[in-house]
Every structure is written in C-alpha cells, then in structure tokens.
Amino acid sequence: MKKLMLGNEAIARGAYEAGVRVVSAYPGTPSTEVSECIAKYDEVYAEWAPNEKVAFEVAAGASYAGARSMVCMKHVGVNVAADPMFTAAYTGVNGGLVILAADDPGMHSSQNEQDTRFYARSAHIPMFEPADSAEAKEFTKRAFALSEEYDTPVFVRTTTRLAHSQSFVEEEERTEVPLRPYVKDVSKYTMMPSSAIGRHVAVEAREDRLAADVNGFDVNREEMRGTDLGIVCSGVVYQYVREAVPEASVLKLGIVYPLAIEKVREFAKKVKRLVVVEELEPFIENQLKAHGVPCEGKSLFSKQGELSVAIIREKLTGVKTEVEKLDLPIRPPVMCAGCPHRGVFYILSKLKLTVNADIGCYTLGAQPPLAAVDTVLCMGASVGMAHGFEKARGREQSKKTVAVIGDSTFIHSGITGVINAVYNKSNITLIILDNSTTGMTGHQQHPATGLTLKQEPAKILDIVALCKTVGCDSVRVVDSYDLAEVEKAVKEEVERDGVSVIVAKRPCALLDRHYPPACTVEDCRKCGMCFRLGCPAIEKQADGSAKINASLCVGCGLCAKVCRFGAIKEGRK
C-alpha cells in the first residue's frame, strides 16, 4: 500500500520493516520525528536518552548483543556522539547498527551548518543519502543489510528539506530478523591498544573492499540524456537538479562515502562538462579532483545555505527566475505568549547581568526587547562558560554574570559543568528554567518528566536533589511567573559565594492549558513598560496604547506585574 510520508516517517518505517529492535535518540530538529514515529511500533523498543553519546552507546550495546539497532540525532548531536562512534567503527557490529544524522543547511533551527559527510570519511563509516521518502525507507533497510555484510556502523544522512517533505512510500511487511548469537571476542569488542591496532587494519581493509564494491551498487544511478552537461549530485539536491536542468545527464549518488570513483570517472568520459552540485562543503568535488576527475562545483555554488531550483538553473543556464519581492515586516522569533522563561529574562535584563545562555527556547531571550542573552555556544555550555568568566575576570565580575539552562539541556550536558564548578571552587549562579519538557523540538519527554518516549510512567529525576547532592552551596526554587520572587532570588544568589542554583519552575505554556481568562487593559497611560516583555499577545495600537489579544493571551499576569499604573487587569479564575 502506498502512503504519503515525511522523510523522517519513512526512515522510521524502513527501520521497522528491516526488523530493528532497539532505537535510542535525543530529540533535535530536523531528526526528532524519526523516533516519535518509530515509538508507535510495538515490536520496537524506543527511548529518549539524556544525550546523543548515551544514545549511541545504547544502540552499540544492542548491536553487540545481536539486535538490529539505530541511533538518531541532528548534525550537532553527532559531535556529542563522536567519542563512541569513532571507536564503534573499529569494533564493527554484530546486529546491524544504523546512525541517522540530519543536517540543517540554512540553519533553520541550528547554531551551525556543519556537514556530517566529513564524519563519515573521518570515522571510516559508509554513508547513504536518500533523495525522497521512498528512498529514505529503502536506503534505511539497505543500511542495515550493509552494516551486517561489511561489519560496520552505517550512516543515513538527511537534510531538513528531506526530513520534513512528503512523498509516496510503498509500505511492506516487517522482516523479523532473529537475534544474532553473541560470542565473546576481546580482540573485536574490547578496544585497548593491543586490540585497536588490529582492528584499525581491519577498518582499512573493509574500507578498501567497500570502495571497490560501491562502484557496482545500484543506489548509484546514471541517467544519460544529453552530452553537453553532466551533473553529479546526491540527496534532495537531485530533485532540484532534475527540475532545473531536465536536459542534463545526471549521476545520482545514493552512497556518498565511499564514493564510487570509477563510476564517476566513466560518467565523466561521456559528457563535455562535469559539474558537482552539492549543498554546504565541496565534499564530493574535492574527492573527484583528488582522483584526477576534472569538474566544477563551488566556483559556481556557495558553501553556505540551501540550494534551490532557481539557484541551480541560474548558475548552470544563466536563466534567472524572477521572484516577486513582497514588502513584509520582519518577524523575529519570539517566545510564546505566557512562556515561563519571559519573566526570568525580563529580570535579568533589568538587572543588566551578563547572561551565558544555552541551546533551546531560552535562546529567544537574546532578541529585543528583552535582549538579555550575551552568549550561546552549544548544549550545556552555559555552566562552563559562566565558570570561565569567573576564573578569567574574578569574583566581582561573577556577581554580574549568570548561567541559564533548561531542564532537558541541563540533563543532556549541564550536570558535568556543575560538578566541575563545584570541584574547582567556582563562584557562579546557575538558573535552571524548568518548564517540564524538551520545548523547542516539540515537547519530548526527558528523565525529569516522569514519562518515556512511549508515554509509559517512569521514575522522575529530582533536579533540586541532584544539585544538592553534587555539592552546590545553595539551591532554591522559584515560580517563574513571580517577578518579585525571581528578582529577589537572583540578587541574593549572585552575592553568595560558591555555586548557587535557582530552579525557576513553570510548565510550558503550550502544555499547561488550564488558563485563567485573558488579561485586559483599562485606561492605558502609554508608558510602554508592558512592551518590554516582548509578549506577542500585547499589541501596540496606533496611538501608542496597549491592547491584549485575547486569542493569544494565556493569563500569566506578567504584564499586570510590570504595569506601573495598574492599567492591566489579570484574568480572574
């Protein structure tokens, strides 16, 4: 039966049909839906792990035990998982092990634009790259088979456009793959130097075998048309190429590492001009040139952002697509109405503190009018960076500096930063914005929510008790909506010596639907204080007065608390 599927849904279906038994992941756009979809299959054990490193280790353990397993993450999650990943390339697998990595050209929801294909080359791990949902399902199945045949983990790489685009997929029955026997083998699975030396030789031999065999794989497809122009491409870029230059011959690569060099070489002989069309880095282009295959690529196309049909058509044919430009107002990303983080950032901005923030909804605190955030680096970095500020600039500066992190991100990689700060006698204040979910990726569970990926009850990690246990000098809990309490706590804690923690608790406004009626404005004095909150429910009228959009307001009451004249009335329960 054919069904319209997102690329992410199709990957989940492919893993299911391939007989996957264990899937572990940490949510991250654009990969999140793979795990959410696969969790619906009762035959598959699926979980949210605290971070990608743990998720990889779970999948590797399941593979060694003889089960087909998969680990899913976005591109920056590959950085977190790199430690076990590089060594798993040495150990090889028992049951098939597939790594789903989703890149984000254009940085729709990411802090960088890195190209995961380089990880495949550096770690000596083969990589599939599907071009539509049908291939996403099929290539995932092929990846499990390849993993077991060549004794290696295998990447399936997607990008945002493929992950979140739909095309038709043929559903097939699940193949129940029996557990492979586990046999103790210290030389294969125990990576101490004496074993690793031998396994490195095995990795190189495996890669040489793959590099030769890949030239005959049918996932690398030649489409001959004219001979004037030949294009080498992969992934969703293939769809753009076919529409932009339908007369061109195309070599579509389904496996981007190792490259089918001999197949490309033969294709190049058939065309007068060879162009590599790829997003981000010249990964394919540079390898072709290194093997003596003349081609063009990044001399025509940028290393930044996404490609499109219009860009490819213009660069290859000179035909420019005219696009009507609409004079629309800029709409910056903004916290939702009633977001519990808003009040905390309002106070931090008011106190003119230096704020080391983290990855998540709290990055939105950097935008005006709050403009509270100074730094954002990566998951969990806020804690270590605040510690670094204190060690670099001294105690007096640390009184003007705080770290801000969310509950899910704290569990992901903030805990070790706190332990480091305590151990190294730091003087920092950490504010944990606890909204009881993994918010920006779409409300996934984590160890402190009490539910698993499959929505089963689970033990709840006590964040307050954890902070006390690792030695924090002060731990206090405040209501994120109580501005006076938040301000008092921040002023007191930044003056305290040692490592202090403020846990600001309130459920995400999109999850807590038990709202009082919307706030209202009566006799507005036009002072503009309420606009400093940046709440999308507060609208500025032509005369400068404030009006509250009742369809957006959740009745949190922050605007009433900042209004100096009592013109805003909170909704009554």
Side-chain angles (χ1 to χ4, degrees), residues 20 22-32 34-35 38 45-65 67 69-93 95 97-104 110-112 114 116 118-120 122-125 127 147 152-157 189-192 196 358-360 377-385 405-420 438 440-441 444-449 452-453 458 461 463 466 470:
V20 72
V22 176
V23 177
S24 189
Y26 182 81
T29 306
S31 70
T32 306
V34 175
S35 298
I38 209 158
Y45 170 79
E47 67 175 26
W48 290 130
N51 61 37
E52 294 86 357
K53 179 179 183 291
V54 173
F56 193 102
E57 292 157 352
V58 170
S63 168
Y64 297 168
S69 60
M70 183 166 71
V71 57
C72 309
M73 63 199 76
K74 68 182 294 178
H75 63 285
V76 285
V78 181
N79 303 333
V80 181
D83 190 3
M85 183 185 74
F86 272 74
T87 306
Y90 275 36
T91 66
V93 303
L97 172 56
V98 172
I99 311 161
L100 183 278
D103 285 5
D104 190 20
S110 306
Q111 69 267 40
N112 71 17
Q114 72 186 47
T116 301
F118 287 95
Y119 268 107
S122 182
H124 306 282
I125 296 175
M127 175 178 278
S147 174
T152 177
V154 175
F155 272 113
V156 174
R157 177 191 185 241
Y189 295 122
T190 306
M191 283 302 98
M192 51 191 171
D358 229 292
I359 303 297
L377 184 62
C378 66
M379 295 284 281
S382 59
V383 190
M385 291 180 71
I405 197 169
D407 47 332
S408 181
T409 311
F410 175 71
I411 294 166
H412 177 283
S413 48
I415 297 170
T416 48
V418 172
I419 293 172
N420 177 67
T438 310
M440 188 165 271
T441 50
Q444 289 76 37
Q445 306 299 333
H446 62 65
T449 65
T452 69
L453 170 57
L461 174 66
I463 292 177
L466 187 151
V470 300

What are the two closest heavy atoms between [X] and [Y], and how far apart are they?
X: Val71; Y: Ala59; value: CB-CB, 3.9 Å
X: Val54; Y: Ala49; value: CG1-CB, 4.1 Å
X: Gly380; Y: Asp358; value: N-OD1, 2.7 Å
X: Ala60; Y: Leu97; value: CA-CD2, 4.2 Å
X: Val93; Y: Ser147; value: CG2-O, 3.5 Å
X: Thr32; Y: Gly28; value: OG1-N, 3.0 Å

Taking C-beta and beyond as the side chain, do [X] and [Y] meet within less than 4.5 Å on heavy atoms?
X: Val78; Y: Met73; answer: yes
X: Tyr119; Y: His75; answer: no
X: Leu466; Y: Phe410; answer: yes
X: His412; Y: Ile359; answer: no
X: Val76; Y: Cys378; answer: no
X: Thr116; Y: Met127; answer: yes
X: Tyr45; Y: Leu453; answer: no
X: Met70; Y: Val156; answer: no

Not counting sequence neighbours, which residues clear side chain to side chain contact (heavy atoms under 4.5 Å, CB included) with [X]? List them please.
X: Ser413; answer: Met379
X: Ala88; answer: Phe56, Tyr64, Thr91, Pro153
X: Ser408; answer: Tyr26, Thr438, His446

Query - Val20/Val98 under side-chain contact (heavy atoms from CB on, under 4.5 Å): CA gap, chis, key distance, verdict - result: CA-CA 10 Å; Val20 72; Val98 172; over 6 Å; no
Kindly say whether [Y] contributes a backbone atom to a donor-acceptor pair with the side chain of [X] at under 3.5 angstrom?
X: Thr152; Y: Gly92; value: no
X: Lys74; Y: Ser31; value: no
X: Ser69; Y: Val23; value: no

[atom1] of [X] to [atom2] of [Y]: how many Å apart, nearest 0.5 Å?
X: Ile463; Y: Asp407; atom1: CD1; atom2: CG; value: 5.0 Å
X: Gln444; Y: Trp48; atom1: CD; atom2: CH2; value: 5.0 Å
X: Glu57; Y: Asp83; atom1: CD; atom2: CG; value: 7.5 Å
X: Arg157; Y: Leu100; atom1: CZ; atom2: CG; value: 12.0 Å

